[in-house]
Amino acid sequence: MRVAIALIVGALNATNAANYYGIDKLTRESSADLAAVRVGVESTVVWLPYLKFLGIGMILAGITVALTVILRTLQTQEQLLAGFLEAKARGA
């Protein structure tokens, strides 16, 4: 989810940057409104990579938890099967 949000924010930031740099330099430097757009573009570049890495980290953590659950389930099943076979061997 965070990776998707980072993708959407990145696309919006790219659109703002394209609009900003599509205007000639003299107009960009003299306009206060365009200065605010530039601040937004540059500030997004600062925090957006951390959001991406957080999302990827959460995905990898989820995979790790899922694999841990699978491993523990297999170990439990192995113990149950060993106990069942031992009880059957004693009873036969």
Side-chain angles (χ1 to χ4, degrees):
M1 185 68 168
R2 292 180 197 264
V3 175
I5 291 171
L7 178 68
I8 293 168
V9 170
L12 293 174
N13 189 42
T15 303
N16 287 341
N19 291 338
Y20 175 77
Y21 288 111
I23 300 170
D24 63 300
K25 186 174 182 179
L26 184 61
T27 306
R28 283 192 313 237
E29 291 178 354
S30 63
S31 174
D33 292 336
L34 291 176
V37 171
R38 181 175 180 179
V39 167
V41 168
E42 291 181 1
S43 68
T44 304
V45 172
V46 172
W47 59 265
L48 187 60
Y50 297 109
L51 182 65
K52 290 179 188 176
F53 287 128
L54 177 65
I56 292 170
M58 292 180 74
I59 290 170
L60 293 175
I63 291 170
T64 303
V65 168
L67 290 175
T68 303
V69 168
I70 291 169
L71 182 63
R72 287 186 181 174
T73 302
L74 289 174
Q75 288 173 347
T76 303
Q77 293 298 324
E78 178 187 6
Q79 292 170 357
L80 289 174
L81 184 60
F84 175 74
L85 291 175
E86 184 179 305
K88 188 168 182 157
R90 274 190 268 144

V9: side-chain contact (heavy atoms from CB on, under 4.5 Å) partners, not counting sequence neighbours: I5, T44, W47, L48
Joint cluster assignment, V45 & L51, ILVMFWY side-chain distance < 4.5 Å: no
Residues which pass side-chain contact (heavy atoms from CB on, under 4.5 Å) with T64, listed by chain and number, not counting sequence neighbours: T68
Salt bridge (charged side-chain N to carboxylate O under 4.0 Å, His left out) contacts in which one or both residues fall within residues 13-25, not counting sequence neighbours: K25-E29
Salt bridge (charged side-chain N to carboxylate O under 4.0 Å, His left out) partners of residues 41-68, not counting sequence neighbours, each pair once: R38-E42
Listed once per pair and sorted, the salt bridge (charged side-chain N to carboxylate O under 4.0 Å, His left out) pairs that draw on residues 62-86, sequence neighbours left out: E86-R90
Cluster check L60, V69: I/L/V/M/F/W/Y, side chain < 4.5 angstrom: no
Residues forming a side-chain contact (heavy atoms from CB on, under 4.5 Å) with L34, sequence neighbours excluded: Y20, I23, T27, R28, S31
Same cluster (ILVMFWY, side-chain, under 4.5 Å), I63 and I56: yes
Members sharing L54's hydrophobic cluster (side chains within less than 4.5 Å): M58
Under 4.5 Å side-chain linkage, directly or through intermediates, the cluster mates of F84: L81, L85
Remaining members of the apolar cluster that contains I8, side-chain heavy atoms under 4.5 Å: L12
